[in-house]
Amino acid sequence: MQYDLSLHMGYRYDVPASGSHHILRVLPLSLPGRQRLLAGAVTIEPKPDETTRFTDFFGHPATTIALRSPHQSLDIRMQARVIVAARPVHADVSPTLAGLAEELADLWSLDLDSPHHFLGPSPRLGAVAAIAGYARAGFDADRTVRQVAEELCARIHADFRYDPDATTVDTSPEDAFALRRGVCQDFAHVMIVALRSLGIPAGYVSGFLRTIPPPGQPRLEGADAMHAWVRVWCGKSTGWIELDPTNDIAAGTDHIVVAYGRDYSDVAPVIGVLKSYGGQQTIQAVDVVPTS
């Protein structure tokens with residue numbers, strides 16, 4: 001599938017910011033055999049006084065911007081065209097949890113895609129006893145890692161309610177779990193904590209979700225803003241798979257990847273600091289239009 005993407009992230013400050021510094025990750029990635037960025041551009045208003053580009057630890061391009069003059073607002077706009085390939089369906093050859101532990105013990109790599117980076121606590125995700133208990137409920141040690149992950153994805157989808165008013169970007173997975181409601185970030189964080197509690201490496205995926213459903217199909221939740229889902233390491237033979245607990249589906253051609261990380265803090269589309277006081281209003285608008 002080929003898509004045209006547009007993103008507008010706007011910030012309106014009650015009091016002009018006298019200076020700000022941000023890191024941006026908003027352009028889709030090019031991933032061999034999965035996704036290709038054909039063209040993309042990011043525009044920023046007011047124009048930054050300084051712009052630099054770098055590649056982060058996980059191999060993703062990022063942009064830093066600095067504004068030194070007072071500004072009442074900040075507008076970030078992204079436009080891109082991307083092709084997403086259909087992912088082949090493979091038989092489940094993932095090991096059981098015991099087998100996965102043995103494979104992890106034999107794996108010495110610490111490169112950017114190593115599952116070892118996605119197994120322990122991360123900046124926003126520590127151990128949560130209630131979520132670990134939820135993951136263990138009805139647990140069957142004979143099931144494969146992929147079966148465990150898919151069943152957990154389905155349970156979270158069934159047990160949690162999508163509610164954009166229930167949480168904020170700073171809500172912890174523990175609080176979201178207690179509420180049993182939230183948005184895609186909360187669904188993904190709860191699932192990651194649950195999988196890690198079982199010894200299964202899991203990470204966070206930031207991206208976009210197609211906004212126009214196929215004929216006769218319901219509209220997917222979370223399509224008006226940037227979306228989030230989960231990647232799960234299912235052993236050496238299977239590698240990484242991606243599951244969307246917000247919609248209880250495997251990530252496919254409707255899911256467009258922007259960044260991979262351990263949790264939201266690694267992949268936030270805009271993160272930074274500014275000199276100001278008072279409140280601010282945030283605007284986010286996303287459009288994902290299939291062109292073929």
Could you go step by step and tell me if Val169 and Tyr264 meet the side-chain contact (heavy atoms from CB on, under 4.5 Å) rule?
-> CA-CA 9 Å; Val169 70; Tyr264 176 78; 3.5 Å; yes
Which is it for Tyr3 and Val84 under the side-chain contact (heavy atoms from CB on, under 4.5 Å) test, yes or no, and what are the steps along the way?
-> CA-CA 8 Å; Tyr3 297 98; Val84 182; 4.1 Å; yes
Derivation of the side-chain contact (heavy atoms from CB on, under 4.5 Å) call for Val193 and Met191 | CA-CA 6 Å; Val193 172; Met191 183 170 170; over 6 Å; no
Under the salt bridge (charged side-chain N to carboxylate O under 4.0 Å, His left out) criterion, do Arg25 and Asp56 qualify, and how do the steps go?
-> CA-CA 10 Å; Arg25 294 180 179 87; Asp56 67 17; 3.0 Å; yes
Show the numbers, then the answer: is there a side-chain contact (heavy atoms from CB on, under 4.5 Å) between Ile44 and Leu74?
-> CA-CA 7 Å; Ile44 301 158; Leu74 175 64; 3.7 Å; yes
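Across Pro201 and Pro115, no two heavy atoms sit closer than the pair CB-O, 3.5 Å. Closest non-hydrogen pair, Asp248 versus Ala154, comes out as OD1-CA, 3.4 Å. The two residues Val183 and Asp163 have their closest heavy-atom pair at CG1-O, 4.0 Å. In plain terms, the two heavy atoms of Asp49 and Ser69 that are nearest each other are OD2-N, 3.7 Å. Shortest non-hydrogen contact noted between Gly33 and Ala85 is O-CB, 3.9 Å. Among all heavy-atom pairs drawn from Pro173 and Ile131, the shortest one is O-CD1, 3.8 Å.
Distance check, rounded to the nearest 0.5 Å: CD1 of Ile156 to CZ of Phe187 gives 8.5 Å. Of the inter-residue distances, the one linking Asp75 atom CG with Glu45 atom CD reads 7.5 Å to the nearest 0.5 angstrom. Rounding to the nearest 0.5 angstrom, the gap separating the NE2 atom in His90 from the OG atom in Ser237 is 11.5 Å. The structure places CG of Leu179 at 7.5 Å from OG1 of Thr171, a figure rounded to the nearest 0.5 Å. One distance of note links CG of Leu100 with OG of Ser94; it measures 8.5 Å at 0.5 Å rounding. Atom CD in Gln185 sits 8.0 Å away from atom CG in Asp170 (nearest 0.5 Å).
Distance alone, capped at 3.5 Å, is enough to place a donor-acceptor pair between the Ser197 side chain and the Ala194 backbone. Between the side chain of Asp14 and the backbone N or O of Gly279 there is at least one donor-acceptor pair closer than 3.5 Å. Between the side chain of His116 and the backbone N or O of Trp108 there is no donor-acceptor pair closer than 3.5 Å. Without hydrogens or angle criteria, Arg34 side chain to Leu31 main chain gives no donor-acceptor distance under 3.5 Å.
Cluster membership for Val232 and Phe160, using ILVMFWY side-chain heavy atoms within less than 4.5 angstrom, is shared. In the hydrophobic clustering of ILVMFWY residues, with side-chain heavy atoms under 4.5 Å counting as a link, Val205 and Ile241 come out apart. Side-chain heavy atoms closer than 4.5 Å link hydrophobic residues (I, L, V, M, F, W, Y) into clusters, and following such links, even through other members, never connects Leu243 to Tyr260. When hydrophobic clusters are built by joining Ile, Leu, Val, Met, Phe, Trp and Tyr residues whose side-chain heavy atoms come closer than 4.5 Å, directly or via intermediates, Leu7 is grouped together with Ile76. Residues Val26 and Ile271 are members of separate hydrophobic clusters, defined by side-chain heavy-atom contacts under 4.5 angstrom among Ile, Leu, Val, Met, Phe, Trp and Tyr.
In summary, the side chains of His255 and Asp244 do present a donor paired with an acceptor at a separation below 3.5 Å, with no hydrogens or angles considered. In summary, the side chains of Thr167 and Asp186 do present a donor paired with an acceptor at a separation below 3.5 Å, with no hydrogens or angles considered. The closest side-chain donor-acceptor pair between Gln2 and Thr291 falls under 3.5 angstrom.
A cation-pi arrangement is absent between Arg136 and Tyr134 under the rule of less than 6.0 angstrom and at most 45 degrees off the ring axis.
Atom CD of Gln147 has more than 12 neighbouring heavy atoms from other residues, nucleotides or ligands inside a 6.0 Å radius.
In this structure, Val273 and Ser20 have side chains that are not in contact, with every pair of non-hydrogen atoms separated by 4.5 Å or more. Within the 4.5 Å cutoff, no side-chain heavy atoms of Leu37 are placed close to those of Gln35. With contacts defined as side-chain heavy-atom distances shorter than 4.5 Å, the pair Leu5/Arg81 does not qualify. Thr96 has its side chain out of reach of Val145: every pair of non-hydrogen atoms, C-beta onward, lies at least 4.5 Å apart. Contact of the Phe177 side chain with the Ser172 side chain is not registered, since no non-hydrogen atoms from C-beta on lie closer than 4.5 Å. Between Val258 and Met226 there is a side-chain heavy-atom pair separated by less than 4.5 Å. When side chains are defined from C-beta on, Leu24 does not count as touching Pro269, because their heavy atoms never get closer than 4.5 Å. Contact check for Leu209 versus Val288: no side-chain heavy atoms found under the 4.5 Å cut-off.
For residues 27-63, every residue pair satisfying the ring-ring contact (aromatic ring centres under 6.0 Å, His included) rule, not counting sequence neighbours, is listed here: Phe57-His117, Phe58-Phe118. Among residues at least two apart or in separate chains, salt bridge (Lys or Arg N to Asp or Glu O under 4.0 Å) pairs with a member in residues 87-105 are Arg87-Glu242. Applying the salt bridge (Lys or Arg N to Asp or Glu O under 4.0 Å) rule to pairs touching residues 148-159 yields Arg143-Glu151, Arg146-Glu150, sequence neighbours excluded. A ring-ring contact (aromatic ring centres under 6.0 Å, His included) check over residues 190-209, counting only residues at least two apart or in different chains, returns the pairs His189-Tyr204. For residues 104-113, the set of pairs meeting the salt bridge (Lys or Arg N to Asp or Glu O under 4.0 Å) definition, not counting sequence neighbours, comprises Asp113-Arg231. Sorted by first then second residue, the salt bridge (Lys or Arg N to Asp or Glu O under 4.0 Å) pairs that include residues 187-202, not counting sequence neighbours, number zero. Applying the ring-ring contact (aromatic ring centres under 6.0 Å, His included) test to residues at least two apart or on different chains, the pairs with a partner in residues 4-52 are Tyr13-His71.
Under the side-chain hydrogen bond (donor to acceptor under 3.5 Å, both in side chains) criterion, Arg77 pairs with no residue at all, not counting sequence neighbours. Listed by chain and number, the residues in a side-chain contact (heavy atoms from CB on, under 4.5 Å) with Leu27 are Val42, Met78, Ala80 (sequence neighbours excluded). Partners of Gln72 under the side-chain contact (heavy atoms from CB on, under 4.5 Å) rule, at least two apart in sequence or in another chain, are Pro16. Checked against side-chain hydrogen bond (donor to acceptor under 3.5 Å, both in side chains), Thr52 has the following partners two or more places apart in sequence or in another chain: Thr64. Shown here are the side-chain contact (heavy atoms from CB on, under 4.5 Å) partners of Val89, two or more places apart in sequence or in another chain: there are none.
Contact check on Asp263 versus Arg124 returns no salt bridge, with no Lys/Arg side-chain nitrogen under 4.0 Å from an Asp/Glu carboxylate oxygen.
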